[in-house]
Structure formats: C-alpha cells, structure tokens
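Sequence lines set the chain letters: A, B, ... in the order given, protein chains first and strands last, and positions in each chain run from 1.
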Protein chains: 2
Amino acid sequence: MDTTQRTDQQRSADRRRRELLEAADRVVLRDGPGASMNAIAAEAGITKPILYRHFGDKGGLYAALAKRHTDALLGALRAALDAPAERRERVEATLDTYLAAIEARPQVYRFLMHPSEGGPQGDQGFDVGAYSFPLLRRMGEELADVIEERVDLGPNSQQLARVWGHGIVGMMHAAGDWWLGERPCARADLVHALADLLWGRLSAAGDKAGGPSF
Amino acid sequence: MDTTQRTDQQRSADRRRRELLEAADRVVLRDGPGASMNAIAAEAGITKPILYRHFGDKGGLYAALAKRHTDALLGALRAALDAPAERRERVEATLDTYLAAIEARPQVYRFLMHPSEGGPQGDQGFDVGAYSFPLLRRMGEELADVIEERVDLGPNSQQLARVWGHGIVGMMHAAGDWWLGERPCARADLVHALADLLWGRLSAAGDKAGGPSF
DNA sequence: AGACTACTGTTACCGTAAGTAACATGTAAG
DNA sequence: CTTACATGTTACTTACGGTAACAGTAGTCT
C-alpha cells in the first residue's frame, strides 16, 4: 500500500542520506572545513545534484553534518555534567571531555566552529547574530540550563545562568583552541587551570610586588 | 638621489595603501566579511590587480585590515586595563570597553573574528591551529602578559596566566557574541554577570533544593 | 501490455569570485 | 630620445556553488 511504499522509500532515502553524510564526514576529516561539494559527491560516488536534492544547499549539508557531531559531543558533555560527584569534579570532567574530543579530531572540531563558511552570494544580508557558531551556542544554552537547574543563584537566576553558560563555554573553547595550536601543557594541567579560574582564584590572588593592583 | 627618490615612492605607495585600506574598510562595514575584491577595488576607484600588487592576496588585505582594528581595540583595552582603580573595576571596565566596541560596529567585529573566510581554493592545507582568530589570540596573549605581570600566582605563573588570558578572552567573546545576537539585557548587566563569574560566584553559590550538587 | 508516476542519476551549463598574464600609459633619469 | 619603473587597464583562467534539462528504472493504475 501507499504507507508501506512510502515507508520503504523513506527508509531508503534515509539510508542514502546517512551514507552521504558519512562520505561528507570522511572528506571533511581529510580536507577540513573547505571541503567542496564536488569532492563530497565524488567521495560518495555520485554527483553534485544528488547532494543538493538531499540537503538543499551547502548550508543544509553542513548543518546536518554538524548536528551529528554536535549531538554526540553534547551527549558526552551532559554525561560528564551529570556524573555522581562533587561540583568541581564535574566541571573538570566536562572540561576534560570537551578537550579530549577536540584533541582527537581537530578537523571536525574546526569544521563545527566555522560552519557558516559563507558562500559568495548566499549570505548577502549579513544578519548579525545569525552568523553564530551553532555548536558553541548549543553548548552555551545547554550549560545554562544545567546551571539554572542546579545552582541557587537568587533573583535573576535565569539571565545569570545564560550569561555564565555562554561565557564558560567560550572560555573552554578559546582556551582549547589556543592549547590545541601550541600544546603548551598536558590536558590535565589545562583543565585544572581553567577550573581554578572558575573557582575565583583570580580574585583571591594577591598583587605582585612592584606594581599597582590588577 | 636614489634614497630620496625611493623614499618619495615609498611614501606615495604607503599613502596609496592607506587609501586602499580605508576603502576596504568602508566596503567591509557595508557588506560584511564577504566583501569581494572587486567591490573593494571599485570602492577605491581602481581595479583588482592593484589590490593584489599591494596586498598579495585576499588574506593579505584582510590581515592588514584586521591589524588596524585589532591595534585600535587592543589600545582601548589596555587603557581600561591600566586605569588607576581596583582590580575588579578594571576588569569591568575592560569588559565594557570590548562590548561597547562590538556593539558599535558589529560588522567589523564579525570580520575580525572570521578573517579566514576561506576562499574556494586558497586554504587547502588546513594547518590546524593556523586557522585561529588573530584578534582573539592577540587579546589572549596581551591579557596573559598583564596577568602575569601584575598578579601573584605562585609557581607556574606563566602558564597559568596564559591559560587564563585566553580563557577570559574567550569568555568575553562568546558571551558578547551571544549577547549581540539576542540582546537579552543591558550591557552593564552582562559586564556584572561576567565579573561575578570571574570572581568565583559559581563556586560560592549553593545547590538548588531538589537535585544533587552541581 | 502500455501509459503514468516517482525516484535516482547524469551531463552541461550559469553566475560569481579569486587570482594572473599581457598589455598600455605617464614620468623621471641617463 | 631612450630606458627604466611604477601605475593602471582589459581579458583571461580556474574553481566553486547552484540549477536546468535530460535519461534510465522501478513499481502502479487502467
């Protein structure tokens, strides 16, 4: 019947879609965020128009690809955030999870941070704010939810939690980006340094002799 | 003589270069980070090859353009960081300076954060770490210097300061990016929330009733 | 069987952008 | 006047995102 037929077709299309995404994944892993639609189609053994039929445009493909990785990473982060342990330990575990992920697959991580590659004519309007980094935003919102849900922040807790969520995620990201490029220390050292920062060691530290206060 | 001649020519070339950069600035301000070389050349009243003779390639032009704004912003930030006031006040002033800058010219800020727009074939190599955001990196290093110079952090202070510098800058950037897109609160509120985060209010806050600790 | 539909796939093309080669022009030095 | 050089141009190549138009193949309806 129609329904079974439609289901079959849909299943087939979904399977194809998954195959295409896996091919795209391989190409992105190989070529970085600049991977071209032609290269992806070739890797999948087909030609461009099929990609466009499945994903609409490059942004669509990239969004679908990003969603896979983002979901996976967010799942791991949430697990670390929800583990049965003290707050500080959880924060450190979350930081470590993120850093381990970007360490394991830097190209993918790079791709996730710069998905809005901005085609020549596609994004004329320059809608400020729509250019954002989907992964960072999603992580920030997720963390904000957890913070608001678990931490007692008094009045204005929602707004404070969102600021902190995005701020902490940005801290993690920038520090991780820098660390990945220079590798100045072990991962654990970075994790401890960032946790110390979040735990207010900057305000607790004394001024250095010789200068005015900073 | 040769020298005066060379000087004259060089001065003329420098002046021209500055004019071209100003034209590029106007175009970027108008069209965002996707501004084309043709558009910039047209705005400057010339044609493409001249741009290429002056800046090598698009990356060169963008780097030169970014340097101008980055220098200006870093100057303002350093002034806020060096003002005669308490540490907390200085931190808040620095955050506010940055946020005011991105609020005033979001396109420029967008451009500075995504300069490696990645032309079709230009950036094949995908040198991990070389894709970074020059402005963020420079701000991070600058802040790290100031922290190490002024704050007594005990052993390993250099490494800790660098981690913190990049982390704090990333926090500022991500929170600012999110805030610019959603405008959920006044600038001063954002500044206070971020300063509170840096001052360890997250670790000081109690658990919310009902759940395990976060 | 034969026409109709729907899906998958192709080739060939358009528009635009980065970057370059080759040619033209003005101007000071010998 | 000729040489050297910087400045400027037009016209081209290459590559990419995206699309139109066409071809094959399977199931469905009459």
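At whole-Å resolution of the value, CD1 in A:I46 and P in C:dT8 are 11 Å apart. Atom CZ in B:R15 sits about 16 Å away from atom P in D:dA6, given to the nearest Å. For the pair A:L61 CG and D:dC16 C1', the computed distance is 15 Å after rounding to whole Å. Protein atom NE2 of A:H54 is 11 Å distant from nucleotide atom P of C:dT10, rounded to whole Å. For A:F55 and D:dG18, the CZ to P distance is 13 Å, given to the nearest whole Å. Atom CG in B:L51 sits about 13 Å away from atom C1' in C:dA17, given to the nearest Å. Computed from coordinates, the A:K48 NZ to C:dT10 C1' distance equals 13 Å when rounded to whole Å. In this structure, B:N38 places its CG atom 16 Å from P of C:dG15, rounding to the nearest Å.
Here the nucleotide nearest the side chain of B:K58, chosen from D:dT9, D:dG17, C:dA18, is C:dA18. The listed nucleotides are D:dG18, D:dC16, C:dT11; the one nearest the side chain of A:Y52 is D:dG18. Comparing D:dG18, C:dG9, C:dA21 by their nearest atom to the side chain of A:D57 picks out D:dG18. When each of D:dT10, C:dT10, D:dG8 is scored by its nearest atom to the side-chain atoms of A:I50, the top-ranked nucleotide is C:dT10.
At a cut-off of 3.5 angstrom, the base of C:dG19 holds no donor-acceptor pair with the side chain of B:R53.
Residue A:T47 is classed as a base contact, given a heavy-atom separation below 4.0 Å to a base.
To the nearest 0.5 angstrom, A:E182 atom CD is 10.0 Å from A:D177 atom CG.
Inter-residue side-chain proximity for A:H69 and A:Y109 is flagged as unmet; no heavy-atom pair is nearer than 4.5 Å.
Between the side chain of A:H173 and the main chain of A:V169, no donor-acceptor pair closer than 3.5 Å is present.
Using a cut-off of 4.0 Å between Lys/Arg side-chain N and Asp/Glu carboxylate O, A:R88 and A:E92 are scored as salt-bridged.
Taking the six-membered ring where tryptophan is involved, the planes of A:H166 and B:W178 are essentially parallel, since the angle between them stays under 30° and well short of 60°.
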